Each structure stands twice: as C-alpha cells, then as structure tokens.
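Report on the following structure.
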Number of protein chains: 2
Amino acid sequence: MKLVYTGKTKNVYELEDGNFLLQFKDDVTGVDGVFDPGANTVGLTLEGAGRAGLRLTKHFFEILKEKGIPTHYIDADIEKATMTVKPAEVFGKGLEVICRFRAVGSFLRRYGLYAEEGQALDAFVEVTLKDDDREDPPISEDALDMLGILSKDEYQVLKSLTQQIAHVVKDELAKKDIELYDIKFEFGRVGENKEIVLIDEISGGNMRAYKNGEYIEPLELEKLFL
Amino acid sequence: MKLVYTGKTKNVYELEDGNFLLQFKDDVTGVDGVFDPGANTVGLTLEGAGRAGLRLTKHFFEILKEKGIPTHYIDADIEKATMTVKPAEVFGKGLEVICRFRAVGSFLRRYGLYAEEGQALDAFVEVTLKDDDREDPPISEDALDMLGILSKDEYQVLKSLTQQIAHVVKDELAKKDIELYDIKFEFGRVGENKEIVLIDEISGGNMRAYKNGEYIEPLELEKLFL
C-alpha cells in the first residue's frame, strides 16, 4: 500500500483494491498544548488518541450505516488504529462543514455582537474552506457555487446530511448526559453517481462536548462515552 | 435639528418633520493616507470629497428613482453637502451588502485559493456585519435569519435589489468606459410596511472603479464621470 497523504491527525494510504486506509495518529489539533478542534496546527500528542478517535468513529459510522446515512466507511481495525474506506473525491481542495448547537469558538468570535457565549443555536450549518494560509475562511452557498466547488443542489444535500448526522451524534451523547455544542464534518463524492457521503472521522477531535457545563477533552470523551 | 449620529464619512441630523439630514464630510475611509473602500478607519481627508460624493449619490439615487428602485432619498443640496432622506431602520446594528463583478479586496484575501486577482464574478453578493471590533465579518443568509437580523424573505429582496442597483451603476459607469469591480451598499426598512430600500450613499468611496485597467480614486471618479 502507498502513502498518498500525510494529514495533521491521520495518514492516508491507497490499497490495491482501490479503497483507502486511514491511519489514525496520536496527534490532535490545538495551540500550545491546548486542544482546539478549530485549530489548524497539531497542538499536542496524546498516547492513545488515535485509537480513541477510531473507536468513536467506528461507533458513530456504524450507527449511521444502520440509519441508512451514507458514509465512506467499510471497516476498522482498532488494534492497528486503521480504518478502510471507499475512495472519495473532496469538494475543491477540501471543505469543513460545521454544525452548531451553541455559540462558542469562531462563531462567537465573528458574531459576538449578536450572540452570547453558549447561546442555543438551531443546528446552524456553516462551511469553511480548508486553507491554512487563509485561516479556513467561511464561505457562502453562493460563493461555493460560483467558484465551482459545490453546486447549489449539492449544498442542500450537504446541509441536510450535516444536520441529520449532527443530530444523531447529539442524541447518542445525550444518552450519557453529554451535550454536543458543535461538530465539524468532511464530505466527499463517492462512486460514479457522485453521491455525497460523510468522510474522515467522528471523534472527540471534531467536536466540543460538555458534561454538567464542563468541557470534555477528546480522550476523556471516549472513556466517558464508550 | 439634532445631531443623532457621527459617522466616519458623514454626520446624521434629525429634522423636525421626522426626516433626516446627512452631512457629507471630506473624510474618506482608508489606511495610512491610502483610500480603501473596505477599510474601517478614516484614512485621509480630501477637500471637496464630501460634495463629490454627494454629487455622485444624487446622480445615482435620481436614476434609481426613475427606474422605480426604492431608496431613502428625498433631495440634496450640493452647496451645503447635505442630503435629506426618509427615516429608515437598519438591520440589527447595521449591515454592508457587497456586489462583486471582479475578484479583488477581501474576496481575494479569503478565496485566493480558488480565485485569481481580477477574475470575473457574476454579480456575487455577500453581506458583512458592521462591527469594527470584529473587522466586519461576513455572515450567511442562515446566520442572519437565526440571529434575528434579517429574515430569509428579506434576504432575497436585499440580494435582488443589490444586484439590480449594482447593474445600474455598472451600466452608467460603462457609458464613460469605466468598469465597476465591486460596490458596497447599505439598506434599511422604511415606513409602516417595512419596505427594504437602499440607504446611505453611492459614491466613489463605496466602490472600486477602473479605467483602462487603472484604479480610479474616489475624487477622480466624480470628475471623470460627471
């Protein structure tokens, strides 16, 4: 198998059958040793973070499969911290899709004139470009369409899937009295008919989760939840 | 009459009949003495800038009136550099609506991964919050609705008016071989039925205009155009 991409938190290998293998790393995003799911740099390395992320990802992706929500997931090997996935084409050079249930992080930094910290948001969806040099700028439906990144019809599918999946995760966490504040997804096009499916992962590193008003670190989330 | 607002480029007075008087100043936005319509600070003072801005504003607002496009304009006194307008309620704490025909300025700073400098854009509309402390963040239709700033129906009206007005200005400038790259508007609600109308001004200070590939300064634009 061939290494085709070295990411911040995982490496991607191409398999001989055309599928891909994601190797989860123990690195998590953040700044100066403090975890931040919105950060563009690796902030710290936590032993076991890769496996913990994969365990959560496997758990959620299998629930999504049962519910008929499309993802790139095929199977996972927790011991090796690897996940086998279908080949997917990303939108442009990559997008992140955020779903927010409470106003924190970059939402609050941008819209603090109108929103209070922690204010409830109704599964608000926004898209940002993956572009470290430009600090992942938010981008509108119109701009995505005009720049040829995502059509208007695809945007509606993306938004609907995002809200559905975010609600699944929120409801699952709620069973353990954990509250989901926000979560970040990646999507891609799979197969000949370019179906839009969830790709990448669903783990503590992609979300902000709280218990009794206290923020739960990614590794802690896996222990509390699984 | 009573001073009710001191802006960067104009002051606003309330008149006894309920209308408002805008006093155009000779200050223009920019940084370190260089004009920039996207800047949040007064960059320089140019003698005659107020009257030049008002002359252009009067010209365009009267064309819009003929075309039946609603604005807050009542009349203007060039000598005194004042314009009388209907009372309007702004959206939230104020929005700016930008229409872009070419990729320059903040659009390019944000989306430079996908757009080249000067690339043609199809009357692309985006909205930013007037919030100096947060550097006028762009905001989506969904966020405007969710934060109670502008309803989805109002957004569609705003977008349509923006494109119509931008095309009017573009076509007018084209008559003098001047090309409009982008333009920034403000809108408000007027009257009991909360009609959405163009407010503020249409002048060199709100747009980027080019002739033979060279940028035209705001004061120069008034001389070239009128």
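Fair warning: this is a prediction, and the values are worked out from it, not measured in the lab. In what follows, every chain begins at residue 1, and chains take the letters A, B, ... in the order their sequences are listed.
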Legend entry - Nearest-0.5 Å distance that lies between atom CD in E126(A) and atom CG in D142(B): 10.0 Å

Inset, instruction - Below 4.5 Å from any heavy atom of chain B, which atoms of L121(A) appear? Answer side chain, backbone, both or neither. - result: both

Inset, instruction - Assess whether side-chain contact (heavy atoms from CB on, under 4.5 Å) is satisfied between Y111(A) and R134(B), documenting all intermediate values. - result: CA-CA 8 Å; Y111(A) 307 131; R134(B) 295 174 184 86; over 6 Å; no

Inset, instruction - Pick one of side chain, backbone, both or neither for Q119(B), based on which atoms fall under 4.5 Å of a heavy atom in chain A. - result: side chain

Legend entry - K152(A) NZ: over 12 foreign heavy atoms closer than 6.0 Å: yes

Legend entry - Which atoms of A103(A) approach chain B - backbone, side chain, both or neither, heavy atom under 4.5 Å: neither

Legend entry - Which portion of R100(A) sits near chain B, non-hydrogen atoms under 4.5 angstrom: neither

Legend entry - Nearest-0.5 Å distance that lies between atom CG in L147(A) and atom CZ in F107(B): 4.5 Å

Legend entry - Over 12 foreign heavy atoms within 6.0 Å of NZ, K176(B): yes

Legend entry - When V125(A), L129(A), D136(A), D133(A) are compared by non-hydrogen pairs under 4.5 Å with chain B, the top option: L129(A)

Legend entry - Option in P138(A), A115(A), G148(A) with maximal non-hydrogen atom pairs under 4.5 Å from chain B: P138(A)

Legend entry - Distance (rounded to the nearest 0.5 Å) between R110(B) CZ and I139(A) CD1: 9.0 Å

Inset, instruction - Let me know if I149(B) has heavy atoms under 4.5 Å from chain A in its side chain, its backbone, both or neither. - result: side chain

Legend entry - Nearest non-hydrogen partners of Y114(B) and F91(A), listed with the distance: OH-O, 4.3 Å

Inset, instruction - Please check if atom CG in D132(A) has more than 12 non-hydrogen atoms from other residues, nucleotides or ligands closer than 6.0 Å. - result: yes

Inset, instruction - Count the heavy atoms belonging to other residues, nucleotides or ligands that lie under 6.0 Å from CD of Q156(A), then report whether that count exceeds 12. - result: yes

Legend entry - Heavy-atom neighbours of E89(A) CD exceed 12 at 6.0 Å: yes

